[in-house]
Amino acid sequence: MRIGFIGLGIMGTPMALNLVRSGQPLTVWNRSADKAEPLRQAGAEVAASAGEVFTQADAIILMLATQAAIDDVLGRGSALFAERVRGRTLIHMGTTAPEFSKALESDIRAAGGFYVEAPVSGSRLPAEAGELVAMLAGESDVVERIRPLLSPMCRDAIACGPVPNALLMKLAVNIFLISTVTGLAEAANFAASQGLDMQLFKRIADGGQMASGISRIKTGKLADEDFAPQAAIADVLKNNRLVVDAARAIGTPVPLLDICGDLYAEAVEMGLGALDMAAVIKAIAARAPKS
């Protein structure tokens with residue numbers, strides 16, 4: 001089976017590299033062509049256009065940041081859409097609104113294509129290590145057919161039922177992620193404002209019962225003020241808003257995410273959107289009363 005991969009951002013590039021390094025024939029495309037060069041060097045074929053990916057691949061992975069980008073690549077709403085998706089399997093690995101994914105599945109199936117949701121839990125480092133956890137949703141036979149394709153990228157792939165259950169599960173996991181990292185940033189800001197040794201803070205936080213893989217990564221960033229992006233603030237804000245919108249739609253309270261959303265929005269307004277989410281500490285610090 002020939003695979004296509006569209007979307008070579010912070011997550012997409014290491015994911016696609018793991019696929020091609022596993023020996024999987026791969027055709028890739030990205031709107032910014034320079035981002036495809038590492039894939040070319042690794043042995044992937046770089047398409048000249050998104051349309052070329054569809055002509056060459058049986059299954060196409062979409063790792064795109066926005067719903068508009070997905071619609072544009074698929075030619076949704078035009079005659080191109082049916083031509084691109086008919087007989088092909090579309091694997092949506094990004095994070096979008098669940099209702100968007102549900103409608104997309106309906107349109108793809110109506111056009112004679114197949115669809116699987118497969119959002120992932122993890123950031124750049126787990127993506128590089130092939131240690132992501134995928135959540136899968138769709139028709140069970142289609143899910144099982146594409147499952148082996150994910151193994152070079154994911155250490156686990158868990159079926160969650162019909163679309164949009166995988167994206168709903170991803171949003172639930174994101175509540176845990178965003179509130180945890182934001183709480184850690186607040187703790188680090190408190191420690192720093194008290195004049196405490198930040199390397200000791202890191203050592204103690206990393207050695208306690210609350211430590212986790214993600215917390216150890218972020219304590220390092222906070223202690224060293226290293227905010228090179230693994231999960232960028234602008235993307236976290238987008239995902240935060242997706243959670244809040246989904247919760248509002250059914251009347252579920254998400255008070256922690258309401259607060260986090262304000263902080264990440266403030267961080268974006270401060271010009272920090274491209275930095276790692278740990279840089280939300282700067283928005284927290286900025287709330288200190290001015291003397």
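One-based numbering along the sequence shown.
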Task: L257 side, atom CG; N240 side, atom CG - distance, nearest 0.5 Å - done: 4.5 Å

TODO: Quick one: list whatever passes salt bridge (charged side-chain N to carboxylate O under 4.0 Å, His left out) with D156, sequence neighbours left out.
DONE: none

Open item on the list: Test question: given the 4.5 Å side-chain rule for I, L, V, M, F, W and Y, name all other residues clustered with L104, or answer none.
Closed with: I6, W29, V53, F54, I60, L62, L64, I70, V73, L74, F81, V85, L90, F100, I108, Y115, V163

Task: Fellow cluster residues of I204, listed by chain then number, with links counted only when side-chain atoms sit under 4.5 Å apart - done: none

- [ ] Output yes when a side-chain donor or acceptor of E45 lies under 3.5 Å from a complementary backbone atom of P25, and no otherwise.
- [x] no

- [ ] Check the surroundings of atom NZ in K202: do more than 12 heavy atoms from other residues, nucleotides or ligands lie under 6.0 Å from it?
- [x] yes

Task: Under 3.5 Å donor-acceptor, R109 side chain and F114 backbone - done: no

- [ ] Would you mind checking if R40 and E37 are paired as a salt bridge, meaning a charged N to carboxylate O distance below 4.0 Å?
- [x] yes

Open item on the list: If we check side chain to side chain contact (heavy atoms under 4.5 Å, CB included) with L39, which of these qualifies: T27, L17, L19, N30?
Closed with: L17

- [ ] May I ask you to check whether over 12 heavy atoms, not counting those of R203, lie within 6.0 Å of atom CZ?
- [x] no

Open item on the list: One pair to check against side-chain contact (heavy atoms from CB on, under 4.5 Å): Q230 and I10. What are the steps and the verdict?
Closed with: CA-CA 7 Å; Q230 295 172 357; I10 290 175; 5.7 Å; no

Task: Where S121 and V173 come nearest, the two heavy atoms and their spacing - done: OG-CG1, 3.7 Å

Open item on the list: Looking at every non-hydrogen atom in both residues, tell me the closest pair between I175 and S179 and how far apart they are.
Closed with: O-OG, 2.6 Å

Open item on the list: I'd like to know if D58 and R145 make a salt bridge, using a cut-off of under 4.0 Å between side-chain N and carboxylate O.
Closed with: no

Open item on the list: Give me the atom names and distance for the closest heavy-atom approach of D34 to P38.
Closed with: O-CD, 4.0 Å

- [ ] Taking atom types as modelled, find out whether D224 and Q199 have a side-chain donor-acceptor pair closer than 3.5 angstrom.
- [x] yes

Task: Gap separating the OG1 atom of T13 from the CG atom of N18, nearest 0.5 angstrom - done: 11.0 Å

Task: Euclidean distance, Q67 CD relative to D72 CG, rounded to 0.5 Å - done: 13.5 Å

TODO: Determine, for R287 against E266, whether the closest basic-nitrogen to carboxylate-oxygen distance falls under 4.0 angstrom.
DONE: yes

- [ ] Identify the residue among M11, E131, M15, M63 that makes a side chain to side chain contact (heavy atoms under 4.5 Å, CB included) with M153.
- [x] M15

- [ ] State the CG-CD distance between L26 and Q56, to the nearest 0.5 angstrom.
- [x] 10.5 Å

- [ ] Would you check if the side chain of R88 reaches a backbone N or O of E83 as a donor-acceptor pair within less than 3.5 Å?
- [x] yes

Task: Step-by-step side-chain contact (heavy atoms from CB on, under 4.5 Å) determination, I281 to E225 - done: CA-CA 10 Å; I281 189 173; E225 297 188 4; over 6 Å; no

TODO: Just grab all the side-chain hydrogen bond (donor to acceptor under 3.5 Å, both in side chains) pairs involving residues 246-259, residues at least two apart or on different chains.
DONE: R248-D258

Task: Any donor-acceptor pair under 3.5 Å from K221 side chain to F227 backbone - done: no

Task: Pairing residues for L242 by the side-chain contact (heavy atoms from CB on, under 4.5 Å) criterion, not counting sequence neighbours - done: T95, A97, L171, K238, N239

Open item on the list: Using modelled atom types and a 3.5 Å cut-off, is there a donor and acceptor pairing between side-chain atoms of E117 and backbone atoms of L167?
Closed with: yes

Open item on the list: Main chain of C160, side chain of N165: is a donor-acceptor contact present, judged purely on distance under 3.5 Å?
Closed with: yes

Using atom types as modelled, flag every donor-acceptor pair under 3.5 Å from a side chain in residues 180-192 to any protein atom, sequence neighbours excluded.
unit_1, atom_1, unit_2, atom_2, d
T180, OG1, F176, O, 2.6
T182, OG1, I178, O, 2.6
T182, OG1, Y264, OH, 2.9

TODO: Apply side-chain contact (heavy atoms from CB on, under 4.5 Å) to T89 and M1, showing your working.
DONE: CA-CA 11 Å; T89 302; M1 180 184 292; over 6 Å; no

